[in-house]
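Report on the following structure.
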Amino acid sequence: MSSQDRLTRAYQQAKRISFNNSDKFILFSDCHRGDGSFADDFANNRNIYMHALNHYYQQGFQYIELGDGDELWENLSFKDVLEANKNVFLLLKKFYSENKLHMIYGNHDMVYRNPSIVKKNFSEYFDTVLGKKMPLMPELQFHEGIVLENFETQQEIFLTHGHQADFMNYVGWKFNRFFVRVLWKPLQVWGIKDPTSPAKNYVELIKVERRIKKWIADNGNKITVVGHTHRPHFPKPNDGELNFFNDGSCVHPRNITGIEIENGRIALVKWLIDTNKDGFLQIVKEYIETPQKLSDYNK
């Protein structure tokens, strides 16, 4: 099966969510939540991520994670990931309890294609205060793709991780997982980059993006949002560019990036630690690309 066929299958089998211009979504991907060790890239940005996620929860956003949320290549056990990020998962549970949590799997959490593994990992957790097991997100589901359907305009937004355009990270993901787990995790502590990741291999990154753009061009320039390469991308409407979006990642050095959909507009944002005028550290949001009307795309 070609990369084009894999993307088509993800689109055709996608979970469909109806929305209108009053609905609000935040899209993050590639958190790579780890075990808190020196090899855990997410640990550096955990506080930024928590602050941003709390903001979006308080503002009534729905949360969509576009894959690679959990780092299950480097870590043998999800239990270690849960213990290191329990506050994160309890915040995600708040979205889940209000039916505002939508999850997509990527290559680093490809095992979530199996509902029994999802149930095993997310059904319960141990509450150290109460001294007993408590429900976490027992009915949580992961999908390969999600399609947001605006029932007012009939416009579609296709969301997926993007590893469908990357043969070794889709078909050969178990092979790559073996090398990352056995070889590259120990070396990562010493700063050696993982060559299996397109985010750290520019040649492969360009190939992956080119394949996704071909699918978009062959499918009516459908608005498509992916992650995987960790490289943010945001086309301006009516500039002749394909409607290819990438929300970046949550493991950039000292910042996280994501895509907001709010009031019928789409924007690329960055959350980072900055100083105020008095020299105090604070977490702030900046627009990488300011909000653009969704209705201006696909014209």
Take Glu156 and Tyr11 through the side chain to side chain donor-acceptor pair (under 3.5 Å) test and state the conclusion after the steps.
-> CA-CA 11 Å; Glu156 289 187 344; Tyr11 168 73; 2.6 Å; yes
Count the heavy atoms belonging to other residues, nucleotides or ligands that lie under 6.0 Å from CZ of Phe151, then report whether that count exceeds 12.
-> yes
Got more than 12 heavy atoms from elsewhere within 6.0 Å of CZ, Arg254?
-> no
Specify whether Phe89 and Phe78 have parallel, tilted or perpendicular ring planes, treating 30° as the upper limit for parallel and 60° as the lower limit for perpendicular.
-> perpendicular
Can you find a pair of side-chain heavy atoms, one from Trp271 and one from His55, that are under 4.5 Å apart?
-> yes
CG (Asp274) and CG (Leu281) are apart, to the nearest 0.5 Å, by 8.5 Å
What do the steps show when you test Asp70 against Tyr112 for side chain to side chain donor-acceptor pair (under 3.5 Å), and what is the final call?
-> CA-CA 10 Å; Asp70 298 331; Tyr112 291 155; 2.8 Å; yes
Using a 3.5 Å cut-off and no angle test, enumerate the donor-acceptor pairs between side-chain atoms of residues 132-144 and protein atoms at least two apart in sequence or in another chain.
unit_1, atom_1, unit_2, atom_2, d
Glu144, OE1, Tyr105, OH, 3.3
Glu144, OE2, Gln164, NE2, 3.1
Glu144, OE2, Tyr170, OH, 2.9

Under a 4.5 Å cut-off applied to non-hydrogen side-chain atoms, are Val180 and Phe178 in contact?
-> no
Would you indicate whether Lys293, at its atom NZ, is surrounded by more than 12 heavy atoms from other residues, nucleotides or ligands within a distance under 6.0 Å?
-> no
Okay, side chain of Asp68, backbone of His108: is any donor-acceptor separation there less than 3.5 Å?
-> yes
How are the rings of Tyr56 and Phe28 set relative to one another: parallel (under 30°), tilted (30 to 60°) or perpendicular (over 60°)?
-> perpendicular
Centroid separation Phe234 to Tyr287 less than 6.0 Å = no
Within 6.0 Å of CG in Asn219, more than 12 heavy atoms from elsewhere = yes
Indicate yes or no for a side-chain donor-acceptor contact from Lys86 to the backbone of Phe126 under 3.5 Å, with no hydrogens or angles considered.
-> yes
Considering only heavy atoms from C-beta outward, does the side chain of Lys236 approach that of Glu241 to under 4.5 Å?
-> no
Are Trp215 and Phe158 close enough that their ring centres sit under 6.0 Å apart?
-> yes
Would you say Lys24 and Gln59 make side-chain contact, with heavy atoms under 4.5 Å?
-> yes
Relative to the ring of His102, is the ring of Phe25 parallel (under 30°), tilted (30 to 60°) or perpendicular (over 60°)?
-> tilted
Any donor and acceptor pair, going by atom type alone, linking the side chain of Arg265 with main-chain N or O of Gln292 inside 3.5 Å?
-> no
Could you tell me how the ring of His252 sits relative to the ring of His230: parallel (under 30°), tilted (30 to 60°) or perpendicular (over 60°)?
-> perpendicular
Is Asn176 reaching over with its side chain to a backbone N or O of Met168, donor-acceptor style, under 3.5 angstrom?
-> yes
Look at the side chain of Asn243 and the backbone N and O of Asn221, then say whether any donor-acceptor pair between them is shorter than 3.5 Å.
-> yes
